[in-house]
Amino acid sequence: MASYVFAQKTPSAEYDRSLAWSALLLAAIGLVMVYSASISTAEASRFTGHNAAFFLMRHGAFLGIALGAAITVFLVPTRFWQKAAPWLFMLCLVLLVLVLVPGIGREVNGARRWLDLRVGSVQPSELIKLAAVLYAADYTVRKHAVLKSFRKGLLPMLAVMLAVSWLLLREPDFGAFVVIAVTSFGVLFLGGMNAKHFAALVAMLGVGFAGLVLSSPYRMQRIFGFMDPWSDPFGGGYQLSHALIAFGRGEWLGVGLGASVEKLSYLPEAYTDFLLAVIAEELGFAGVAVVIALFVWVVCRAFAIGRQAALRERHFAALAAQGIGIWIGFQALINMGVNMGLLPTKGLTLPLMSFGGTGLLVNFVALAILLRIDWENRQLARGLPA
């Protein structure tokens, strides 16, 4: 009887296979849809040599690098990330500063977000998303005894986040700022932040958000333009109006893979920020529902893994796992909301799916850390060292 109970409590697998396969399925759908969404752009561009498969090959290469990095990171113990978290965060801060230096940072469409390296470009605002999760988890564990104190617990973290926010808004990358702020303070809240301080922080962030919007005509246009994109369909409402047309054309089962009309130079950023709109047009409501379900499962598994780590008093691992879940889920939610016209247009890609090297790499590294936390939980459940 005892052996039966032990067998029931012992995990049946070495790692969370459903999480791994959900992430891989999202990446596979993303690879196919990036190719479909980018064909017309690639054929029409001199930069790509009029090669229809240009973005497919680059995205495939990025995906291969990301998978290789994920396998390597999975072999690294969680305790390493706890020790390295402050140093990784400082490194990312330095990169955010460097990207603003003329001659080092590269400017595209009025935004300075990329560092040009010999092997390619790096986007520090993507790197700091993961660094912020790990740093917030480590900070919460280190400061747990004084976390409910505003001066000793919240104020130092708030000062650090204000510095990060200032650098991101200088690029500008308002979307990354929102994701990092929500993720970091979400980790602090889960770690035991004073509820009154959290409510005050939310109110302060709301006031700050309103101030940023009102102080910039460009941001005001984006915020209020999404409410009625048809009032200026060839100006501020152009992207959203064509995204909504794509959703409308897709109906239940879509017009068929590769048959999208909106991707034919009508919908800007079709293979990055508005990839979901192309999915909606070609695969319909069914395709969008599958993508949403997969993201929901990834987030649910992240919180479940974090809960198991917390039960074993692995507090950093628990907060890191849940922070990764908040980050991926919140960014996916914003991207989907933008594509569906529920949120103002923001320059945020769909995690694991959209075209982009740095973002894809960081997403897979984060999931590898999450799978490592789960693997260590299962090792401990078997009575083995993590």
Side-chain angles (χ1 to χ4, degrees), residues 26-68 99 105-123 125-126 173 233-235 237-250 254-284 287-288 291 335 338-339 345-364:
L26 283 169
I29 295 172
L31 181 66
V32 173
M33 296 311 302
V34 162
Y35 179 45
S36 177
S38 65
I39 290 175
S40 63
T41 303
E43 287 181 335
S45 174
R46 288 184 182 178
F47 172 74
T48 64
H50 306 288
N51 180 4
F54 177 83
F55 292 103
L56 170 66
M57 291 187 293
R58 292 200 69 181
H59 192 70
F62 292 149
L63 186 56
I65 294 170
L67 285 170
V99 83
R106 179 163 61 92
E107 185 173 332
V108 178
N109 296 329
R112 189 180 291 274
R113 300 177 186 174
W114 293 268
L115 287 174
D116 273 330
L117 304 177
R118 289 184 179 180
V119 294
S121 298
V122 174
Q123 194 171 352
S125 59
E126 291 291 338
D173 195 341
F234 299 104
Y238 182 80
Q239 282 180 307
L240 181 53
S241 60
H242 280 279
L244 294 176
I245 291 171
F247 271 86
R249 291 192 75 245
V255 296
L257 185 62
S260 167
V261 171
E262 288 301 317
K263 70 182 182 185
L264 303 177
S265 301
Y266 293 106
L267 179 63
E269 312 295 342
Y271 53 93
T272 54
D273 298 357
F274 283 88
L275 185 66
L276 188 71
V278 179
I279 294 173
E281 186 177 4
E282 295 191 351
L283 305 181
V288 173
V291 170
N335 180 275
V338 167
N339 276 252
T345 303
K346 284 279 141 271
L348 283 173
T349 56
L350 192 58
L352 300 169
M353 300 186 74
S354 293
F355 178 82
T358 309
L360 195 63
L361 174 65
V362 173
N363 292 156
F364 269 87

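Bear in mind that the values here come from a model prediction, so they are computed numbers and not experimental data. As a basis for the values below, the full set of heavy atoms in this structure was taken, side chains included, without hydrogen atoms, waters or symmetry mates.
Environment of OH in Tyr266: sparse, with no more than 12 heavy atoms of neighbouring residues, nucleotides or ligands closer than 6.0 Å.
For the atom pair CG (Leu240) and CG (Leu267), the distance works out to 10.0 Å, reported to the nearest 0.5 Å. Once rounded to the nearest 0.5 Å, the distance linking CD of Glu269 with OG of Ser38 reads 12.5 Å. To the nearest 0.5 Å, atom CD1 of residue Ile279 and atom CG of residue Asn339 are 8.5 Å apart. One distance of note links OG of Ser354 with CZ of Phe274; it measures 10.5 Å at 0.5 Å rounding. Atom CG of Leu63 is separated from atom CG of Leu352 by 9.5 Å, given to the nearest 0.5 angstrom. Summarising the geometry, atom CG belonging to Leu264 is positioned 9.5 Å from atom CD belonging to Glu43; distances are rounded to the nearest 0.5 Å.
Within the 4.5 Å cutoff, side-chain heavy atoms of Asp273 are placed close to those of Thr349. Looking only at side-chain heavy atoms (C-beta outward), Lys263 and Glu282 come within less than 4.5 Å of each other. Side chains of Leu283 and Val288 form no contact here, defined as non-hydrogen atoms less than 4.5 Å apart. Side-chain contact between Leu31 and His59 is present, with at least one heavy-atom pair separated by less than 4.5 Å.
Shown here are the side-chain contact (heavy atoms from CB on, under 4.5 Å) partners of Phe54, two or more places apart in sequence or in another chain: Ala42, Phe47, Thr48, Asn51, Arg58.
In terms of heavy-atom proximity, Ser265 sits nearest to Tyr238 at O-OH, 4.2 Å. The two atoms that bring Leu275 and Ala37 nearest to each other are CD1-CB, 4.1 Å, heavy atoms only. Across every non-hydrogen atom of Gln123 and Asp173, the tightest pair is NE2-OD2, 4.0 Å. In plain terms, the two heavy atoms of Thr358 and Val122 that are nearest each other are OG1-CA, 3.6 Å. In plain terms, the two heavy atoms of Val255 and Ala259 that are nearest each other are O-CB, 3.6 Å. Taking every heavy atom of both residues into account, Trp114 and Ser121 meet most closely at CD1-CB, 4.2 Å.
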Criterion side-chain contact (heavy atoms from CB on, under 4.5 Å) on Val278 and Glu262, from CA distance to verdict | CA-CA 7 Å; Val278 179; Glu262 288 301 317; over 6 Å; no
Could you walk me through whether Val32 and Leu257 pass the side-chain contact (heavy atoms from CB on, under 4.5 Å) test, one step at a time?
-> CA-CA 9 Å; Val32 173; Leu257 185 62; 4.0 Å; yes
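When each of Phe55, Phe355, Phe364 is tested with Phe62 by the rule ring-ring contact (aromatic ring centres under 6.0 Å, His included), just one qualifies, namely Phe355.
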